[in-house]
Amino acid sequence: MTLLEWRDDFRIGIEEVDHEHRELIELINALHAEFGGDASGGRAEGLLGEILAGVSAHFALEEKVMRARGYGALTDHKADHEHLLDDLRDLMDEHAAGAALDEDAFAARLAEWFSAHFRTHDAKLHKSLAR
Amino acid sequence: MSAEPGTLRARLESRVNALKRALRALFLPVESALESVFGPRLNPITQLGTLGWFLFWIVTASGIYVYVFFDTGVTQAWQSLEQLSHDQWWLGGIMRSLHRYASDALVVVVLLHALREFAMDRIRGNRWFPWLTGIPLIWFLYVCGITGYWLVWDKLAQYVAVSTTEWLDSIGIFSEPIARNFLDSERLSGRFFTLMAYIHIAVPLLMLLFMWIHIQRHAHARVNPHRALGIGTLAALVALSLVRPALSQAPADLDTAPFRLGFDWFYLNAYPLLEHMGGRTLWAVLVGGSLLMTALAWLPPLRKAPPARVDLANCNGCARCFADCPFGAITMVARTDGTKYEQEAQVVENMCMSCGICVGACPTATPFRSAGELTAGIELPERSVAALREEVVAAAARLTGEPRVVVFGCAHDAGSATLADASTAVISLPCAGMLPPPFLDFLLSRNHADGVLVSGCAEHDCFERLGDQFTEQRIANLRDPNLRDRVPRDRVAVSWNNPMRRGSLREALAQFRRHLLEKERSSPAIRPGGRPAWRAKLRTWPAPVRYAGQFAAYAAIAAFVGYFATQPSFQYLAPGQALLKLSFIHAGQPLKPCRHYTPAELANTPFNERRATNCARGRWPVTVELDLDGRPLYRGTHEPAGLWDDGPSAVYARFEVPAGPHRLDARLRDNGEHQGFAYTGSEVVDFVPGENFVVDFSAADGGFVFDRAVRGRYPGRAP
């Protein structure tokens, strides 16, 4: 079972950003697969750490693109990035304490992030760039 | 790499290093004192570069104002400045004084800046570039100052004009001595004067160009001082201008030589040496000195750690390292690995100083990554993020007691390595800016430590330029990558100290420990994120004392500039002496007499090549002798000028003669004979003290011409 599926409506129209969105989903799925059933506390944290690094780097790239194109809603968009990273860090703290990863809940949470963020902020960016 | 021991180069290098240490021992206490008075942001000693820019603009603005009222005529120049200084003292006079004093202060600032960068060892490696481009700037600065003094056309200007042209003539590249332009008042031409004005405007423009080049390899280079420092500097210069307005000396008169001159030691310091060592030696000293100064950037060559390396598997081209590299050593280039990212970071290896600030900026450099191999998008080969994580986790695990503190120190801080004890782990980085903020989050949230202290160079004076500022901005959430809000800022401390302030660093750590303990007991609310790091409250002077100290510092520099701008005075001509100059231009006889072409020869020559005479090129040298009271004063043989030895011979010699009656005998030979003289002349002259007497020669006028006879030939001038 894959945690997340790429959907075409995630596309925002900047090739490298879309590419990385896809990469992130792949990374998450690959890590998930690698860990298989063993999602105990320590390993979960490691998995989340990799995701945190990947997402951080992705946001850094997306912010660079927005800055370079003079995107007006950068502040809001960046605030949402920070919010997502905080969420991820919260999750990491929970699992650092030793809690096992609840796959279904985690998958749901990730899917919720992506779709919500894509639906609102990235879609807005998409529209603004399309103009 | 260092040179082999025992060689000249090795000896030179050890001298240079000893000199750097000695200079640091002088600079650091002064810097600490100034910092305690001005605070780190306003500390003038760490802002010498920006102060230089600021003074340059003051000089430019005041110069433009003065130029509006300045008249470049030979007689009008002095008068126009007198009027400016006296009739318009309230603005024009101040502008003129600002122009002079800001220029003088610029010399002080520029030389201190160069000396300090040398002492702090910030001129090697990639930093050869600002060092090398700074050296012509010093030359340009002096050209500006010297031509500026020339334009005033007072007694000092006269001295500057004569000495400078004599000095230039000593190079021997001018076929006719340019000092002859200033031989006496009759020969002075306004055109030369206009030329000076152009040079005085053109060279500053060139200087500005070089100032711009000078900072090209510094990212985020600052060219303006902190506003308060700028205001203080300007106020000090205005005050000096009012207390001691810059004025002209007596108007220039080339027929009399100056005795005692108010002297600007900032710009004219080399001139007194001219009389002692001669022009050529002084050129050799200055050019040789500049070359030696240039060589300092490679004495010895910087042996730095291997440059940063990009790991494409972890780089998506986000450009944060590019934004943070203080030395512009990172460029963003088109992707080379075929992935769909547009760009990747590329390290320009010879510009990289291996400080690691790029690593601190990389979003993938997070110690939370533990599932796979921890490699950041950009890494220092000798200080990998994975090894750093391992080292800090191991060191923290050994800590006992309360509170457990991890100190991140840098290579140039106040001895952080000595802080290690049972409850303090010290991790050394090339620069504090190398620390990725997630390490702070990691250490505190995973309970590896109770507090983290980041220690580095003096504030606003980071050896790697921007490490302290970037660290603070990342912690305060003002710069990406920022420290996450969740990290309690009162468990993250910073302490910036110059290498001498070991006590301050110890005190900061001690206070931080007490603070952490108190926090354990009282557990106050976590300070929200987006706040600056915690800082120890070090003992400072009360505000009135600090302001008094600042005032004293400004007053001291103003007094220093004001004093040495004119004093101590310089004795040019000793009392009771007169100047005697032997100078003329005369073409020796041709080596072979000219021959007229025969009509037959002319008929055979193409029309456009016909000439009346056939003259072999080449002339005899001119031998001249001058006796004073029957004793030889001058003996010289002057070769003809020109690549084909067909130009005139030029003679220029200057002597000091005691005032009173003297007999002059002059002789000249220009025909290649071995004895006998074609021209002779004698005169008994009663020298007046301070007189400028010229012995000239004009074959058309029958031979030697003694000065007063020359003057007599011009109507309207008394002999």
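Predicted, not measured: the structure shown is a model, and the values here were computed from it.
- Taking 4.5 Å as the limit, some side-chain heavy atom of A:K78 sits within range of a side-chain heavy atom of B:D480.
- With a 6.0 Å radius and a threshold of 12 heavy atoms from other residues, nucleotides or ligands, B:E390 has its CD atom at or below the threshold.
- Within the 4.5 Å cutoff, side-chain heavy atoms of B:S445 are placed close to those of A:R89.
- Among B:A365, B:C318, B:A323, the residue with the largest count of heavy-atom pairs under 4.5 Å with chain A is B:C318.
- A 4.5 Å side-chain heavy-atom check between A:E50 and B:F368 finds every atom pair outside the cut-off.
- If you take CG on A:L88 and CZ on B:R484, they are separated by 9.0 Å, rounding to the nearest 0.5 Å.
- Looking at B:R446, the atoms closer than 4.5 Å to chain A (heavy atoms on both sides) all sit in the side chain, from C-beta outward.
- The shortest side-chain heavy-atom distance between B:N482 and A:E82 falls under the 4.5 Å cut-off.
- Contact of B:N314 with chain A is not made at all, since no heavy-atom distance falls under 4.5 Å.
- The neighbour count for B:F327 CZ, taken as heavy atoms of other residues, nucleotides or ligands under 6.0 Å away, is above 12.
- Counting heavy-atom neighbours within 6.0 Å of B:R309 CZ, excluding the residue itself, gives a total of 12 or less.
- Heavy-atom pairs under 4.5 Å with chain B peak, among A:E62, A:K64, A:H19, at A:H19.
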Run B:T339 and A:E23 through side-chain contact (heavy atoms from CB on, under 4.5 Å) and show every step you take.
CA-CA 11 Å; B:T339 55; A:E23 293 263 298; over 6 Å; no
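- Taking every heavy atom of both residues into account, B:R369 and A:A53 meet most closely at CD-CB, 3.3 Å.
- With a 4.5 angstrom heavy-atom cutoff, B:N316 touches chain A via backbone and side-chain atoms both.
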Using the salt bridge (charged side-chain N to carboxylate O under 4.0 Å, His left out) rule, take B:K340 and A:E16 through it: C-alpha gap first, then chi angles, then the decisive distance, then the call.
CA-CA 5 Å; B:K340 290 197 172 158; A:E16 62 174 342; over 6 Å; no
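- Heavy atoms closer than 4.5 Å to chain B are found in both the backbone and the side chain of A:D86.
- Atom CZ of residue B:R320 and atom OG of residue A:S56 lie 8.0 Å apart, to the nearest 0.5 angstrom.
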Please step through side-chain contact (heavy atoms from CB on, under 4.5 Å) for the pair B:R486 and A:D93, ending with a clear verdict.
CA-CA 11 Å; B:R486 69 192 53 234; A:D93 282 351; 3.4 Å; yes
